[in-house]
Amino acid sequence: MTISMDDKESNWEKDFSNLKDTIMQDGAIDKKTKKLLALASAVAVGCDECVSHHKKFARNAGLKDSEIEEAILVASLIRLGSGLRHVD
C-alpha cells in the first residue's frame, strides 16, 4: 500500500488539531490563561507567525489588550534574559 504525502500531512494535521483541542480545554488552568501561555511561549521562542496567530486567538477569547501586552512583556523578559547569559 502506498501512502501519499498528502495523506500523511492530513493525518498529522488532524492528530495535531485533536491534541491541541484537548490540551486547550479548561482544566487545572482555564482556557484564557492557556491562550496567554501559548502567546507568551510563541514570543519566547521567537516565532513571528505563531505570535500573530496566538495574539488573534487571545483577542477572540476575550482577553484585553493590556493582558496580551503584559504576557508579551513577560515572555520578552525571559527571551532577553536567556540571551544575556552569553555576555562575559
Side-chain angles (χ1 to χ4, degrees):
M1 171 175 29
T2 304
I3 299 175
S4 74
M5 197 57 177
D6 290 338
D7 291 338
K8 288 181 183 178
E9 283 185 56
S10 63
N11 286 338
W12 119 194
E13 288 172 340
K14 180 180 167 188
D15 291 344
F16 182 81
S17 182
N18 289 338
L19 178 63
K20 175 191 62 82
D21 292 344
T22 299
I23 290 171
M24 294 304 285
Q25 292 178 11
D26 279 330
I29 300 172
D30 64 275
K31 287 182 201 179
K32 283 186 174 183
T33 303
K34 288 181 180 185
K35 299 280 186 198
L36 288 176
L37 287 167
L39 173 59
S41 297
V43 170
V45 300
C47 178
D48 294 337
E49 186 176 330
C50 298
V51 170
S52 294
H53 179 81
H54 288 292
K55 191 186 286 188
K56 179 182 79 175
F57 282 141
R59 284 191 176 119
N60 290 342
L63 288 154
K64 296 181 247 171
D65 284 344
S66 60
E67 295 170 306
I68 291 168
E69 289 167 6
E70 196 162 329
I72 290 170
L73 288 171
V74 171
S76 297
L77 180 63
I78 299 304
R79 187 169 169 89
L80 174 64
S82 69
L84 289 175
R85 68 185 170 89
H86 299 288
V87 176
D88 288 333

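Bear in mind that the values here come from a model prediction, so they are computed numbers and not experimental data.
Between Asp26 and Lys34 no salt bridge is recorded (no basic side-chain N to carboxylate O distance below 4.0 Å).
Annotation for Ala71 and Ala40: closest pair O-CB, 4.0 Å, computed over non-hydrogen atoms. Minimum heavy-atom separation, Lys31 to Met24: CG-O, 3.2 Å. The minimum heavy-atom distance linking Ala38 with His54 is given by the pair CB-ND1, 3.5 Å. The two residues Ile68 and Leu39 come nearest to each other via the heavy atoms CG2-CD2, 3.5 Å.
The cluster map of Ile, Leu, Val, Met, Phe, Trp and Tyr, joined by side-chain heavy atoms under 4.5 Å apart, puts Leu37 and Phe57 in different clusters. If you chain together hydrophobic residues whose side chains sit under 4.5 Å apart, Leu63 and Ile72 fall into the same group.
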Check step by step if side chain to side chain contact (heavy atoms under 4.5 Å, CB included) holds for Lys32 and Leu36.
CA-CA 7 Å; Lys32 283 186 174 183; Leu36 288 176; over 6 Å; no
Audit row: Ser17, Asp21, side chain to side chain contact (heavy atoms under 4.5 Å, CB included) steps and yes/no:
CA-CA 6 Å; Ser17 182; Asp21 292 344; 3.9 Å; yes
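Taking OG from Ser41 and CD1 from Ile78, the interatomic distance works out to 10.5 Å, rounded to the nearest 0.5 Å. Taken to the nearest 0.5 Å, the CG atom of Leu19 stands 11.0 Å off from the CH2 atom of Trp12.
A donor-acceptor pair is defined here as one N or O able to donate and one able to accept, closer than 3.5 Å; no such pair exists between the side chain of Arg59 and the backbone of Lys56.
Scanning for salt bridge (Lys or Arg N to Asp or Glu O under 4.0 Å) contacts around Arg79 gives an empty result, with sequence neighbours left out.
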